[in-house]
2 protein chains.
Amino acid sequence: MTAIGFSGHDHSACISDALASAEARCRENGWRLTPMRRRVLELLLSEHRALGAYDLLKLLSEEGQPRQPPVVYRALAFLTEHGFAHKIERLNSYVACAHPGSAHSPIFLICSACDKVAETTSPSGNPLEAAAREAGFAMEAAAIEASGTCPECRARQNEPAE
Amino acid sequence: MTAIGFSGHDHSACISDALASAEARCRENGWRLTPMRRRVLELLLSEHRALGAYDLLKLLSEEGQPRQPPVVYRALAFLTEHGFAHKIERLNSYVACAHPGSAHSPIFLICSACDKVAETTSPSGNPLEAAAREAGFAMEAAAIEASGTCPECRARQNEPAE
DNA sequence: AGATAGGATGTTATACTATAACATGTCGAC
DNA sequence: GTCGACATGTTATAGTATAACATCCTATCT
Ligand SMILES: [Zn+2]
Ligand SMILES: [Zn+2]
Ligand SMILES: [Zn+2]
Ligand SMILES: [Zn+2]
């Protein structure tokens with residue numbers, strides 16, 4: 001249950017795993033991973049960074065495939081509803097899910113220096129559940145977003161002399 | 001550390017405590033709780049509900065004190081920077097802090113039926129800190145927002161027959 | 001009191017984020 | 001081939017937030 005997104009990892013495996021998982025889950029459930037939805041997912045997967053809807057529109061435009069906002073927002077709605085992507089509320093933007101396939105309540109670690117977003121998951125019996133139970137609150141969904149500095153950016157700050 | 005916001009409590013004490021605390025802390029720190037800032041804080045305190053900037057503008061207008069968006073956004077910036085209010089990212093709106101005066105990392109419980117927002121705080125040594133430490137991430141701020149149904153709305157649902 | 005400087009507010013315009021509403025296209029079931 | 005369901009295309013607009021500059025207020029120094 002390590003955080004995926006910051007340190008060296010096989011990112012091409014990230015991408016191919018996520019795409020394969022999305023295809024499999026869509027096939028199993030009768031959802032349609034159309035070219036538009038798949039393209040948006042690929043763009044989100046390209047880096048562990050959150051992209052806004054208008055960033056995606058710009059990228060599509062640069063590929064010679066200009067689209068209007070509702071097109072991208074609908075693709076994002078599909079991806080987030082089915083757990084292939086998450087919205088980062090703090091940034092009004094979207095990241096591909098780093099733990100595809102499993103139901104999970106994600107925790108995001110957002111680096112304010114390099115904008116990378118790592119995703120990890122809550123251990124069970126977490127204090128949010130405890131707080132909710134204590135308050136008699138029936139929790140349905142939770143968003144946990146932390147801002148700070150990632151290991152690489154921290155290392156860079158500690159050796160500023162070139 | 002109980003959640004403040006849902007169940008019966010002395011809400012007028014909420015309001016007067018928060019205002020007194022804000023005045024005291026501003027006096028101590030040389031911050032200026034101007035009439036505009038104080039009025040916005042009072043509006044946020046009137047209920048345990050998140051208000052958007054444009055809701056506040058509408059309320060001010062209805063009081064015969066119309067203002068432009070930057071005025072309210074600046075008051076909100078002052079209040080959030082100094083811990084008198086918090087932004088609820090999920091709702092693009094703002095609540096008065098229910099634990100004024102103490103440094104804390106709040107947890108919000110947002111009722112999707114009645115829109116009330118309760119604020120509680122993380123116990124120390126919480127797993128978010130643990131996850132951040134494990135990832136080598138230097139956490140600066142965290143936003144924890146849970147959606148669900150509050151005790152009162154849950155009770156109401158369970159006895160729907162009038 | 002008058003000059004000055006910092007910060008708070010007033011005002012205009014605009015950027016950024018998201019969705020409503022309706023038209024058109026695609027594809028499989030019948 | 002037609003029908004229905006769903007996906008996308010298109011236009012317009014709603015909702016959230018800030019840049020930039022003008023003005024005002026207040027505390028301080030002279
Ligand atoms: Zn990766
Ligand atoms: Zn970083
Ligand atoms: Zn109260
Ligand atoms: Zn409720």
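Chain identifiers are assigned alphabetically (A, B, ...) following the order of the sequence lines, protein sequences preceding nucleic acid strands; residue numbering begins at 1 within each chain. Here the structure is a predicted model, which is why all the values come from computation and not from measurement.
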Just how far, in rounded Å, is [atom2] of [N] from [atom1] of [X]?
X	N	atom1	atom2	result
A:L33	D:dA7	CG	C1'	13 Å
A:E81	D:dA7	CD	P	10 Å
B:Q68	C:dA13	CD	P	11 Å
B:L60	C:dT11	CG	P	14 Å
A:R90	D:dT16	CZ	C1'	17 Å
A:Q65	D:dT8	CD	C1'	13 Å
A:L91	D:dT16	CG	P	18 Å
A:D55	C:dC16	CG	P	10 Å

Side-chain N,O ([X]) to OP1/OP2 ([N]) below 4.0 Å:
X	N	answer
A:R67	D:dT8	no
A:Y94	C:dA18	yes
B:K58	D:dG15	no
A:R32	D:dA5	no
B:K87	D:dT16	no
B:Y73	D:dT18	no
A:N92	C:dA18	yes

N-O pairing of A:E28 and A:R25 below 4.0 Å: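 Looking at A:E28 and A:R25, the cut-off is not met.
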
Note: B:K116-B:E47 ion pair, threshold 4.0 Å (strictly below):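 B:E47 and B:K116: not salt-bridged.
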
Using side-chain heavy atoms (C-beta onward) and a distance below 4.5 Å, is [X] in contact with [Y]?
X	Y	result
A:F108	A:S147	no
B:L56	B:L76	yes
B:C14	B:I4	yes
A:L51	A:L59	yes

Polar contact flag, side-chain donor to acceptor under 3.5 angstrom, A:H99-A:H86: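 Short answer, no.
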
Nearest-nucleotide comparison on DNA chain C, the residue closer to the 5′ end among A:A53 and B:F78: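 Of the two residues, B:F78 wins.
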
Most 5' of B:M36 and B:P70 on DNA chain C, judged by nearest nucleotide: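 Its nearest nucleotide lies further toward 5', so the answer is B:M36.
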
Rounded to 10 degrees, the angle between the two terminal axes of the helix from C:dA1-D:dT30 to C:dC30-D:dG1, each from five pairs: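 What I find for the helix from C:dA1-D:dT30 to C:dC30-D:dG1 is an axis angle of 10°.
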
A:L45 with A:V72, same ILVMFWY side-chain cluster at under 4.5 Å: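 A:L45 and A:V72: one cluster.
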
Out of [options], which has the shortest distance to the side chain of [X]?
X	options	answer
A:V71	D:dG9, C:dA20, C:dT9	D:dG9
A:Y54	D:dT8, C:dT17, C:dT11	C:dT17
A:T34	D:dA7, C:dT12, D:dT16	D:dA7

Sugar-phosphate only, base, or nothing, as touched by B:R74 at under 4.0 Å among non-hydrogen atoms: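 Base contact.
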
